[in-house]
Amino acid sequence: MQNPTSDSRPLIRFDRVNKSFGDLTVLDRLSFDVAPGERVTLIGPSGSGKTTILRLLMTLEHVTPAKDPAAEGGVIWVEGEPLSHMEKGGKLVVANERHLRQVRKKIGMVFQSFNLFPNMRVLRNVTEAQVHTLGRSKDEAEAKARELLDLVGLSAKVDNYPSQLSGGQQQRVAIARALAMDPDILLLDEVTSALDPELVADVLGVLRDVADTTSITMLIVTHEMGFARDVSNRVMMFDRGQIVEEGAPDEIFSDPREARTQDFLRAVLAE
Amino acid sequence: MNEWNNETLVEVFPAIWQGFLVVLQVTLVAGLIAVVLGLSVAIGERIGPPWVKRVLSLVFQFIRNTPLLVQVLFVWTATSLYINPEWSAFAVGSAVLGVHYASYTSESYRAGIEAIPLGQWEAATALSLPTHRVWGAIVLPQMMRRSTAAVANWVIAMFKEVPTLFVIGVLEMIAQAQKYQGQHYDGAVEGYTIAGILFLAASYPVAVAARRLENRLAKSHF
Ligand SMILES: Nc1ncnc2c1ncn2[C@@H]1O[C@H](COP(=O)(O)OP(=O)(O)O)[C@@H](O)[C@H]1O
Ligand SMILES: [Mg+2]
């Protein structure tokens, strides 16, 4: 079994999860656990299903359900509660919108393409959901937003529109926006891939700070191997929706066992 | 036919001006309907249950693809025969014109909504924003920026089609010119000329303003 045994209940559990797009099976009975506070990096070739895993957790995609979840699994669990499903009459059924609305509040995501709201100034990008999702007062939300924007080095930009910021600055706002919601789980999908090389370091620096100063559980998809090595506790190598191998970053990066991992790392380092 | 006569021109002017005021009133009422109903249809087609989407799309496709003149005559005849003969031509005509143009503005709004990147919806979902905020704070402001100029152009086009309502007896400018002609056996040509000039005088500045607005929106940070 590929799951490391941990004493505490897993924060995230994929239990034989299936995901297909039409005829294309992307995930085939994928199982893994993530412990509270763990930082897990997902690596693997393009198309191996890394983004799909993160999007399933964010409920932007939905699992392809098994006929009998009790016997066959196909369920994603977060904090011991079903995420992809909900309990109804003692049975697990596919989650409806109301259930998803409830469970996704524990999870935050930063996207490759930032996805800031262009019609809102930076400050409001960070306060909007605090006020309207969490019900915080405007003052409380603003104080929190200013604190986080300070953390990501953008205190001077609170009154700017996203279009007036560089890509790296926009991404740092997006990180502040996600953190403002106090998520238990932060999903980072290639957050520096769309950036000019000289802007990558600032964004990674912010994420290192976050990793050092919080206990947020993180799932990270990245090609920045130095960053992955520094912040993660575990690296999972994916290929075609399967975990090829996993282990501590030092093991995987310095001494990978599987040929597919070796090839992949060689290709990434050659870039 | 009578010859062109400057004195007639002066005499017919007050009647045509009355008609022009009616045109403006119709434009106001019908424009409001076109702007608000068009928006509601575009939103309904997006968030309504499947049957609502189907019905809306069918009804408005039908309206878009049949002539305004036919709709005006049909609804006017139907309401006065079967519903309420007291309803004024002004009210019925404005409503038909407004609904007809809502079928166009809804398309402009829809295009504006569809142009919003998927990432905006996904970011809103990731932040668990309630539906009314997703629409009110994210989708509609971004859509307005893209659709406002197009919708303004539809309202200008609609303004120029108000004379169609003359067939059901709305006393707009054409009807006024003909009424004057009926009473004085003179003045129709002069009346139509004034009508044309008033249309031009009113729609040209509005069109220029709409173009300006379009440019300004394109240049703003948002
Ligand atoms: N919405 C979608 N519709 C169809 N196929 C998709 C969709 N999203 C992802 N895929 C496919 O699923 C596979 C895994 O994609 P993805 O999870 O994005 O991989 P990765 O992030 O590892 O590059 C790819 O073959 C991709 O083409
Ligand atoms: Mg990906």
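In this text, all values refer to a predicted model and were calculated from it rather than measured experimentally. All values below come from the heavy atoms of this structure, side chains included, with hydrogens, waters and symmetry mates left out. Numbers restart at 1 for each chain; the letters A, B, ... are given by sequence-line order, proteins then strands.
For the set A/A129, A/P118, A/A180, the count of heavy-atom pairs under 4.5 angstrom toward chain B peaks at A/P118. Contact count against chain B (heavy-atom pairs under 4.5 Å) is highest for A/M58 among A/M58, A/M120, A/M181.
Of the two parts of A/I107, only the backbone, made up of N, CA, C and O, holds a non-hydrogen atom closer than 4.5 Å to a non-hydrogen atom of chain B. Using a 4.5 Å cut-off between heavy atoms, A/L100 does not touch chain B at all.
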For chain A and chain B, what donor-acceptor pairs lie under 3.5 Å, backbone included?
unit_1 : atom_1 : unit_2 : atom_2 : d
A/R55  : NH1    : B/E122 : OE1    : 2.9
A/R55  : NH1    : B/E122 : OE2    : 3.1
A/R55  : NH2    : B/E122 : OE2    : 2.7
A/R101 : NH2    : B/T131 : OG1    : 3.4
A/N115 : ND2    : B/G119 : O      : 3.3
A/L116 : O      : B/Q120 : NE2    : 2.8
A/N119 : OD1    : B/Q142 : NE2    : 3.3
A/N119 : ND2    : B/A137 : O      : 2.7
A/E128 : OE1    : B/R133 : NH2    : 3.4
A/E128 : OE2    : B/R133 : NE     : 2.8
A/E128 : OE2    : B/R133 : NH2    : 3.1
A/H132 : NE2    : B/R133 : NE     : 3.3
A/H132 : NE2    : B/R133 : NH2    : 3.4
A/T133 : OG1    : B/L127 : O      : 2.8
A/T133 : OG1    : B/S128 : O      : 3.2
A/S163 : OG     : B/H221 : O      : 3.0
A/Q164 : NE2    : B/H221 : NE2    : 2.9

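Minimum interatomic distance between B/A123 and A/F111 (heavy atoms only, all atoms of both residues): CA-CE1, 3.9 Å.
Annotation: the span from B/I116 atom CD1 to A/F117 atom CZ amounts to 11.0 Å, rounded to 0.5 Å.
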